[in-house]
Amino acid sequence: MLYSTAFKFDDDDGDEDDDIDDDAIDDDAIDDGDIDDGDDIDDDNDDDDYDDDDDDEGWCMSFKAVKERAGEDERAEKERRIEKRQKNRGGEKARGRRMTEGKRGVAQVINRIDGLPFDEHDDQLFEAFAIFCGLGINNCQLYEQVSVSAARQAVALEVLSYHSAVPMEEVTRLKHQKLPDVNQTKLREFTFNDFLLDNDEMALAAIKMFQELGLMRKFKIEQETFCRWILTVRKNYRNVPYHNFRHAFNVCQVMFVIMQQCQCRGYLTDNETLALVVACLCHDLDHRGTNNAYQQKSSSALSQLYGTKATLEHHHFNHAIMILNSGVSTSWTAGELVFCAGVFFCFKTGVLI
C-alpha cells in the first residue's frame, strides 16, 4: 500500500522540515518499533500497519495540499511575469499615461484572423498603438489650447486697439486746423525749436512734413486717416521725461531736414522715405522710461516676452504693428501695405532704433 503524508507548509516554529500528521500513522506500528519517532517518512513508503480509513484520509489531505501549493506557485509565477513585463515597458507606458492624464479610453481587440490566441507580441503591439492614440489625443488637446490662446490674444488686441485709439471728435478738430508754415516755423532747419509748439501743433507739423515729402499724394493717404493715425501714435507715448512724443517728433524733424537740405532724398525710394519718417515717429512707442538692462534685471513681463536682447525695441515694433493692424489705418487704400512694409523694413535694418 502506498503511503502519503499531509504537509503543513507554513510551520509556526519556523522549522523547514515538514511535520508529520500523527493521525496518519498507526500507533501500534510505533509501539512495535517498526517506525522510529525521529526517522523521516518517505511519501512512497508502503506500510501494511495502516488501516483503510487513516490511509484514505492521508491521501485526501496530501492531494489537497499539493493542489494548493501548485496553485500558489502558478499565481506567483504569473505575477512575476507581469511585473517583469511592466518593468520592461514601464517607461513608454508611463509617458502614455502622463500624456493622457485625466482621460479614460477603452480599446479592445478580439478574434485574430488566423484563429490563433493572442500572444505577448500582440500585447506589445497593441500597447504601442494605444500609446500612439494617447499622443494623438494629447496633440489635439494642445491644439485646442493654442486655438483658445490665439482667440484670447485677438480679443485682447481688439480691446487694446479700441482703448488706444482716439475719439473721432479729436480727429475732426485736428483735421480742420490750419497747418503751420514751413519757413515760419523753421521746419527745414537744424535750429528748429520744438518747445515753441504744443502737442496739437507738433501733430500738425508732422502732417506738414508728410505733405512736403510728397508721401500723402504718392500713397494716397487721406488727411482724416493720417490725423487719426498721428493722434493714436501720440496717445500711445507715455508721459515719461525723455522718451515721449516730443522726442519722437524731434527725431522725425531731423530726418525731414536731412532729406530736404542734404539732398539725400534723390537716393531714396518713396518706400524707403516713408519707412524712415514713420519709424522716426514710432521708434519709442510705449516706452517705460527705463532701459533694457533694467528690464532684464527686474525680470519684467517685457523681458520674459521678448527676451533680454533688444527687449524694448521689439516692444516698440510690435506696438507700431498693432496700431497699423487696428482700425486706425483701415482706409489707407493702396498705401497701407507699403506703410506696414516700410515700418518693418526700418526696424529690421536697425534704422533709428
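As a basis for the values below, the full set of heavy atoms in this structure was taken, side chains included, without hydrogen atoms, waters or symmetry mates. Since this is a predicted model, take the numbers as computed values, not measurements.
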Value rounded to 0.5 Å, distance of CD1 in Ile137 from CZ in Phe132: 11.0 Å
Stepwise side chain to side chain contact (heavy atoms under 4.5 Å, CB included) check, Gln141 with Asn138: CA-CA 5 Å; Gln141 293 174 343; Asn138 182 71; 4.3 Å; yes
Over all atoms of both residues, closest heavy-atom pair of Val257 and Leu187: CG2-O, 3.2 Å
Thr172 side chain vs Met168 backbone, donor-acceptor pair below 3.5 Å: yes
Side-chain donor or acceptor of Gln296 paired with backbone N/O of Ser303 under 3.5 Å: no
Side-chain heavy atoms of Phe249 within contact of Leu197, under 4.5 Å: yes
Partner set under side-chain contact (heavy atoms from CB on, under 4.5 Å) for Asn139, not counting sequence neighbours: Leu142
ring-ring contact (aromatic ring centres under 6.0 Å, His included) partners of His247, counting only residues at least two apart: Tyr242, His243, His283
Linked, directly or transitively: Phe192 and Leu179 (ILVMFWY side chains, under 4.5 Å): yes
Val278 side chain near Phe210 side chain, heavy-atom distance below 4.5 Å: yes
Polar side-chain atom of Glu201 near backbone of Asp198 as donor-acceptor pair, under 3.5 Å: yes
Verify same cluster id: Leu215, Ile258 (apolar side-chain graph, 4.5 Å): no
Any Asp119 side-chain heavy atom under 4.5 Å of Arg112 side chain: yes
Same apolar cluster: Met255 and Phe317, side chain cutoff 4.5 Å: yes
Option from His315, His319, His316 for which side chain to side chain donor-acceptor pair (under 3.5 Å) with Asp286 holds: His315
Side chain to side chain contact (heavy atoms under 4.5 Å, CB included) between Glu313 and Tyr306, worked out: CA-CA 9 Å; Glu313 285 72 21; Tyr306 300 112; over 6 Å; no
Expected output: side-chain Glu170 to main-chain Pro167 donor-acceptor under 3.5 Å: no
Side chain to side chain contact (heavy atoms under 4.5 Å, CB included) evaluation trace for Cys262 with Tyr267: CA-CA 11 Å; Cys262 300; Tyr267 297 96; over 6 Å; no
hydrophobic_cluster_shared for Met259 and Met216, side chain cutoff 4.5 Å: yes
Donor-acceptor contact below 3.5 Å, side chain Gln261 vs main chain Glu189: no
Pairwise side-chain contact, Phe245 with Asn236, heavy-atom cut-off 4.5 Å (strictly under): no
Asp200/Arg234 ion pair, N-O < 4.0 Å: yes
Side chain to side chain donor-acceptor pair (under 3.5 Å) evaluation trace for Ser300 with Gln295: CA-CA 5 Å; Ser300 65; Gln295 300 295 330; 2.4 Å; yes
Charged N-O contact under 4.0 Å between Lys208 and Glu212: yes
Note: Asp270-Arg265 ion pair, threshold 4.0 Å (strictly below): yes
Side chain Asn244, main chain Tyr237, donor-acceptor under 3.5 Å: no
N/O donor-acceptor pair under 3.5 Å between Asp181 side chain and Gln184 backbone: yes
